[in-house]
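Report on one structure; see the data block that follows.
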Amino acid sequence: MTNDYLILRELDEAITQEQLEGAVEASGAALEELRDEGVDIEWVDSEVMTDEEGGILGTFCHYRAESESAVHEHGDRAGLPVTQVTQRGEPLGGE
């Protein structure tokens, strides 16, 4: 059984779009490696946080995973910060 997790990834300093693309590649490779080892983990989506100049300050990511430790292991292998992990509740409706 998998749970939905929301992950806050805060960066110490802003990065460029090119650097973000490298992080996305590292994340994909880490996900593939974990799944090859039998870990149930899946990326769902991400939102990017930027500063006024367009520098990337971090992301909010949604993953489905068998455990919070799988989320942390993914971050470690991909070289990505894991500032906070919380279980995702029901989405809100409305405007």
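Scope of the values below: all heavy atoms of this structure, side chains included, with no hydrogens, waters or symmetry mates.
Among residues two or more places apart in sequence or in another chain, the side chain to side chain donor-acceptor pair (under 3.5 Å) test is passed with T83 by none. Applying the side chain to side chain contact (heavy atoms under 4.5 Å, CB included) criterion to D12, with sequence neighbours excluded, gives no partner residue. E13 is linked by a side chain to side chain contact (heavy atoms under 4.5 Å, CB included) to nothing, counting only residues two or more places apart in sequence or in another chain. Judged as a side chain to side chain donor-acceptor pair (under 3.5 Å), and not counting sequence neighbours, E42 has no contacts. Scored by the side chain to side chain donor-acceptor pair (under 3.5 Å) test, T50 finds no partners at all (sequence neighbours excluded). Partners of S69 under the side chain to side chain donor-acceptor pair (under 3.5 Å) rule, at least two apart in sequence or in another chain, are S67. Partners of Q84 according to the side chain to side chain contact (heavy atoms under 4.5 Å, CB included) rule, which considers only residues two or more places apart in sequence or in another chain, are L8, T86. With sequence neighbours excluded, the residues forming a side chain to side chain contact (heavy atoms under 4.5 Å, CB included) with E37 are E33, L34, R77, listed by chain and number.
In the hydrophobic clustering of ILVMFWY residues, with side-chain heavy atoms under 4.5 Å counting as a link, V71 and W43 come out together. Residues I41 and V85 are members of one and the same hydrophobic cluster, defined by side-chain heavy-atom contacts under 4.5 angstrom among Ile, Leu, Val, Met, Phe, Trp and Tyr. V44 and L6 fall into different hydrophobic clusters, where Ile, Leu, Val, Met, Phe, Trp and Tyr are joined by side-chain heavy atoms under 4.5 Å apart, directly or via other members.
Contacts classified as ring-ring contact (aromatic ring centres under 6.0 Å, His included) and involving residues 8-41 (residues at least two apart or in different chains) are not found. Counting only residues at least two apart or on different chains, no ring-ring contact (aromatic ring centres under 6.0 Å, His included) pair has a member in residues 11-41.
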Counting only pairs under 3.5 Å, give me each side-chain donor-acceptor contact of residues 53-65, with atom names and distances, residues two or more places apart or in other chains.
unit_1	atom_1	unit_2	atom_2	d
H62	NE2	D4	OD1	2.6
Y63	OH	S27	OG	3.3
R64	NE	D4	OD1	3.1

Could you pull out every donor-acceptor pair under 3.5 Å between side chains of residues 88-95 and any protein atom, sequence neighbours left out?
none

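The heavy-atom pair separating V82 from G75 by the smallest distance is CG2-CA, 4.0 Å.
Between the CD atom in E66 and the OH atom in Y5 there is a gap of 9.0 Å [rounded to 0.5 Å].
Not one N or O on the side chain of R35 forms a donor-acceptor pair closer than 3.5 Å with the backbone of D40.
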